[in-house]
Structures are given as structure tokens and as C-alpha cells.
Amino acid sequence: MKDVAQMAGVSITTVSHVVNSTRAVAPETKFRVLDAIERTGYTGDAIARSLVTGGTRSLGVAISLVANPYFGELIQAIEHETTKSGYTLVLTDTHDEQATEQSAVRTLRSRRVDGLILTPSPRAAGTVLPELKQLGIPMVLVDRLTVGTDFDQVGPENVHSTSALVQHLAELGHKRIGIISGADGLATTSERVLGYRLGLGRSGLSWDEALVQSGESAAEPAAAALGRLLDLDNPPTAVVAGNNVMLSGVLHEARRRDLKIGRELAVVGYDDVEWADLIDPPITTMAQPIAEIGRTAVRMLLNRIADPSRQPTTARLQPTLMHRNSCGCL
């Protein structure tokens with residue numbers, strides 16, 4: 001910083017104001033400082049600055065980086081909003097495993113991030129969440145929400161939107177509707193199964209436990225789950241896939257069995273994917289507002305950092321039905 005100040009003909013304090021945007025600087029002076037920074041390759045010392053300010057202007061994200069386009073789009077939205085707010089993002093992968101998640105969160109804490117955005121693993125409620133609550137770490141839960149009111153959280157509305165998919169299939173005349181559910185222990189799984197049951201009830205259809213098969217939130221298990229449904233003595237004529245990864249498994253198994261989607265088997269999915277309207281027939285899905293979920297998570301976290309004592313809030317954002325032809329509306 002001293003070299004930059006000498007090169008620009010200003011004080012070290014002026015360089016600090018330009019770098020940290022802590023005070024207005026005359027345009028000509030600012031130009032000279034920025035030019036000197038460019039020529040020297042100077043970067044500020046974030047660690048040293050954190051010792052003075054008590055913060056690093058960074059946000060941590062602990063998420064399972066599974067092969068799911070949903071999480072890629074979510075991270076992109078979080079990163080964009082974080083950068084726009086003048087923060088940097090530190091990303092860790094939890095692998096959806098309890099021990100890895102705890103290690104990832106502690107790594108972020110060691111980096112002195114100002115707050116955390118977490119997509120909790122199935123067992124987080126008994127490990128990571130109590131620890132973070134006790135420490136008072138500013139945090140927002142994303143996607144997989146708790147029933148409690150201890151944390152700020154934002155995610156999609158799962159129950160009524162899944163119910164709407166089931167009701168749509170019932171309105172088309174389907175009496176046997178199955179669901180490929182996600183991994184056990186996830187809030188999204190239980191909420192979408194609840195929505196499935198609600199849709200059956202609203203449509204006057206009876207509950208049959210055999211029509212609920214776990215796809216474990218992955219493609220191959222979802223294909224196997226569809227196989228179990230189709231091998232029933234009284235198989236379903238329509239199926240709801242619990243997320244976009246499982247949807248791909250469902251489509252692979254249907255093709256393996258040479259079933260015509262939309263005619264011999266109606267298929268709808270929770271989560272939209274960019275290829276959903278590119279295949280034949282295009283797939284009816286419930287599209288989550290992923291970008292808005294990411295932006296809302298960052299805004300919530302910054303509000304929590306600014307006011308640690310405010311009451312936690314929960315935001316459930318409404319998905320949109322993308323009506324195409326795989327449901328049998330040919």
C-alpha cells in the first residue's frame with residue numbers, strides 16, 4: 001500500500017479509502033490510485049483487515065455438490081448476489097454426509113466468514129445445527145427447511161405444489177398414481193410425499209403405500225423404483241418423479257421397457273431442467289424459482305449479520321407448473 005501511495009502521489013490513508021470504499025475520493029485522485037494498483041498488482045490483506053474490522057466480508061456456503069443442475073444454478077445465484085453486495089463467497093462440499101458436513105462448516109468458521117448458507121444433510125438437525133445455534137453464527141438454511149423457527153430459512157413450497165401435480169394427473173382420469181420419492185431424512189422428501197398424499201385426498205383417490213417407492217434422490221435408484229411400481233399386480237398409469245435427477249432415471253427405465261411416455265405412462269416431475277421441453281414428449285414439471293431462492297438466502301443472511309437479534313423468518317417461494325405433454329395432454 002505504501003508503494004501504491006508513492007506511485008500515485010497520495011497518502012496511505014487515501015489508498016485505503018479507495019481500496020475499501022470507506023470515504024469519497026476525488027475522481028482524478030481515485031484514477032491515479034487505481035492506475036497504481038493496476039501497475040503494481042496490489043491486493044489488500046483480507047486477514048489483516050479482518051483483525052481490525054472483526055469481519056472478512058465473506059460468506060460461506062456449505063452444500064452438497066451432487067451432480068444436480070439445481071445446485072449449480074442455486075450456487076450461481078448466491079454468488080452473483082454475494083458479489084453484488086460487496087462480499088466474497090467461500091464454497092465447501094458436504095457430500096450430504098454428517099461427518100463431512102461438520103468438517104466443512106468448521107472449515108468455513110476457521111476462515112472467519114461473516115455468515116453461513118447451509119443446505120442441511122439428513123442428520124444435520126442432531127449435529128451441525130445445534131452447534132451453530134449455540135455459537136450464534138449468522139446462518140440461513142436453503143432448500144431443506146426445518147419445522148422449527150430457530151433459523152432463517154428459504155426454499156420452495158413443496159406440499160401444495162406436489163399436490164397440484166397429482167391433482168392434474170387425476171383430472172386426466174388417472175386412478176393409480178405413483179411417486180418416486182427422494183432420500184429418507186430430507187425435508188424435501190417428506191414434504192413432497194405429504195403433498196402427494198394431499199393431492200390424492202383432494203382428488204378422492206385412496207392411499208396405497210405400494211405406490212410410494214424411494215428413488216434415493218439419484219437416477220439409478222429411481223429407475224429401479226419405477227421398475228418396482230410397474231411390476232405391481234395393479235401398476236400405476238401415472239408417476240410423479242420427486243426431483244430432476246430421479247426424473248432422468250424414470251425416463252431411462254421407461255425407455256428400457258419401451259413404454260410410450262404420455263400414452264402408456266404419464267410422467268411429471270418436481271424440478272424443471274433445460275432439456276425438459278427438448279425431448280419427445282416434453283416433460284411436465286414443477287419449476288422451482290431457484291435464482292430467487294439464492295438471492296433471498298443472501299439477503300436474509302446479510303440482514304441477520306446486520307441485526308443478530310431480529311426474529312428468524314421462513315420464506316417458501318412458489319414453484320410454477322410447466323405444463324407440457326408427458327402427462328398425457330396430447
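From a predicted model like this one, the values you see are computed outputs, not experimental measurements. Each residue takes its place number in the sequence, starting with 1.
- Atom CZ of R23 has 12 or fewer neighbouring heavy atoms from other residues, nucleotides or ligands inside a 6.0 Å radius.
- Counting heavy atoms of neighbouring residues, nucleotides and ligands inside a 6.0 Å radius, atom NE2 of H17 exceeds 12 of them.
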Between R304 and V140, is a side chain to side chain contact (heavy atoms under 4.5 Å, CB included) present by the stated rule, with each step listed? CA-CA 9 Å; R304 172 61 56 193; V140 174; 5.6 Å; no

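- No continuous path of hydrophobic side-chain contacts links M246 to V193 [ILVMFWY only; heavy atoms under 4.5 Å].
- Residue L129 comes nearest to T146 through the heavy atom pair CD1-CG2, 4.1 Å, listed as atom of the first residue, atom of the second, then distance.
- Taking hydrophobic clusters as Ile, Leu, Val, Met, Phe, Trp and Tyr residues chained together by side-chain heavy-atom distances below 4.5 Å, V19 shares a cluster with I12.
- The 12-atom threshold is exceeded at CG of D231, counting heavy atoms of other residues, nucleotides or ligands nearer than 6.0 Å.
- Annotation: D35, atom CG; neighbour count of heavy atoms from other residues, nucleotides and ligands within 6.0 Å is above 12.
- Side-chain atoms of E101 come within 3.5 Å of backbone atoms of S121 as a donor-acceptor pair (strictly under, hydrogens ignored).
- Between R109 and E131 the shortest side-chain heavy-atom distance falls below 4.5 Å.
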Working note: Y87 + V298, criterion side chain to side chain contact (heavy atoms under 4.5 Å, CB included); need CA distance, chi angles, decisive distance, verdict. CA-CA 10 Å; Y87 283 72; V298 175; over 6 Å; no

Take V61 and T82 through the test side chain to side chain contact (heavy atoms under 4.5 Å, CB included) and record every step on the way to the result. CA-CA 11 Å; V61 175; T82 299; over 6 Å; no

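- Residues T119 and F71 are in side-chain contact: their nearest non-hydrogen atoms beyond the backbone lie under 4.5 Å apart.
- The backbone N or O of E81 sits less than 3.5 Å from a side-chain atom of S85, completing a donor-acceptor pair.
- Rounding to the nearest 0.5 Å gives a distance of 5.0 Å between CG of D184 and OG of S214.
- Contact check for L265 versus L226: side-chain heavy atoms found under the 4.5 Å cut-off.
- The local environment of CZ in R228 is crowded, with over 12 non-hydrogen atoms from other residues, nucleotides or ligands closer than 6.0 Å.
- At distances below 3.5 Å, at least one donor-acceptor pair connects side-chain atoms of S217 with backbone N or O atoms of A183.
- A side-chain donor-acceptor contact under 3.5 Å links R176 to the backbone of N234.
- In terms of heavy-atom proximity, S181 sits nearest to V212 at OG-CG1, 4.2 Å.
- The distance from atom CG of N325 to atom CG of D277, rounded to the nearest 0.5 Å, is 10.5 Å.
- At a threshold of 4.5 Å between side-chain heavy atoms, the hydrophobic network of Ile, Leu, Val, Met, Phe, Trp and Tyr places V128 and L186 in two separate groups.
- A donor-acceptor pair under 3.5 Å links the side-chain atoms of S326 to the main chain of T284, judged by distance alone.
- Between S58 and R111, the closest side-chain pair of non-hydrogen atoms is not below 4.5 Å.
- Residues R295 and K84 have side chains not in contact (no heavy-atom distance under 4.5 Å, counting atoms from C-beta outward).
- Looking at T14 and V25, their side chains come closer than 4.5 Å, going by heavy atoms from C-beta outward.
- In this structure a side-chain-to-backbone donor-acceptor pair under 3.5 Å is missing from Y70 to V245.
- One side chain, Q288 or D271, offers a donor N or O that lies under 3.5 Å from an acceptor on the other.
- In this structure, the side chains of L200 and S206 stay at 4.5 Å or more apart for every pair of heavy atoms.
- In this structure, L108 is a member of the same hydrophobic cluster as I137, with clusters built from ILVMFWY side-chain heavy atoms closer than 4.5 Å.
- Salt-bridge annotation for E191 and R144: absent, with no side-chain N of the basic residue lying under 4.0 Å from a carboxylate O of the acidic one.
- Between R257 and E264, no side-chain nitrogen of the basic residue sits less than 4.0 Å from a carboxylate oxygen of the acidic one, so the salt-bridge criterion is not met.
- A pairwise comparison of heavy atoms in V154 and I293 identifies CG1-O, 3.8 Å as the closest pair.
- Between the E157 side chain and the S161 main chain, a donor and an acceptor come within less than 3.5 Å of each other.
- A distance-only check finds a donor-acceptor pair linking the side chain of D114 to the backbone of R57 [under 3.5 Å].
- Connection of L74 to L91 is established within a shared hydrophobic cluster, with ILVMFWY side chains joined at heavy-atom distances below 4.5 Å, either directly or through further cluster members.
- Contact detail for R32 and G9: the closest heavy-atom pair is NH2-O, 4.1 Å.
- Between N303 and D152, every side-chain heavy-atom pair lies at or beyond the 4.5 Å cut-off.
- Considering OG1 of T296 and CD of Q153, their distance stands at 13.0 Å, rounded to 0.5 Å.
- Across every non-hydrogen atom of N244 and W275, the tightest pair is O-CZ2, 4.5 Å.
- Minimum heavy-atom separation, R324 to I283: NH1-O, 2.7 Å.
- Panel note: side chain T107, backbone S103; a donor-acceptor pair is recorded below 3.5 Å.
- With values rounded to the nearest 0.5 angstrom, T188 atom OG1 is found 9.0 Å from Y270 atom OH.
- Checked options E97, Q98, Q102; the residue passing with T100 is E97 (criterion: side-chain hydrogen bond (donor to acceptor under 3.5 Å, both in side chains)).
- Rounded to the nearest 0.5 angstrom, L165 CG and L321 CG are separated by 6.0 Å.
- Considering CG of L232 and CG of L211, their distance stands at 6.5 Å, rounded to 0.5 Å.
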List the steps, then state whether side chain to side chain contact (heavy atoms under 4.5 Å, CB included) holds for K175 with T237. CA-CA 8 Å; K175 305 297 184 186; T237 59; over 6 Å; no

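- With hydrogens and angles ignored, the 3.5 Å screen pairs a side-chain donor or acceptor of T83 with a backbone N or O of E79.
- Atom CD of Q6 has more than 12 heavy atoms from other residues, nucleotides or ligands within 6.0 Å.
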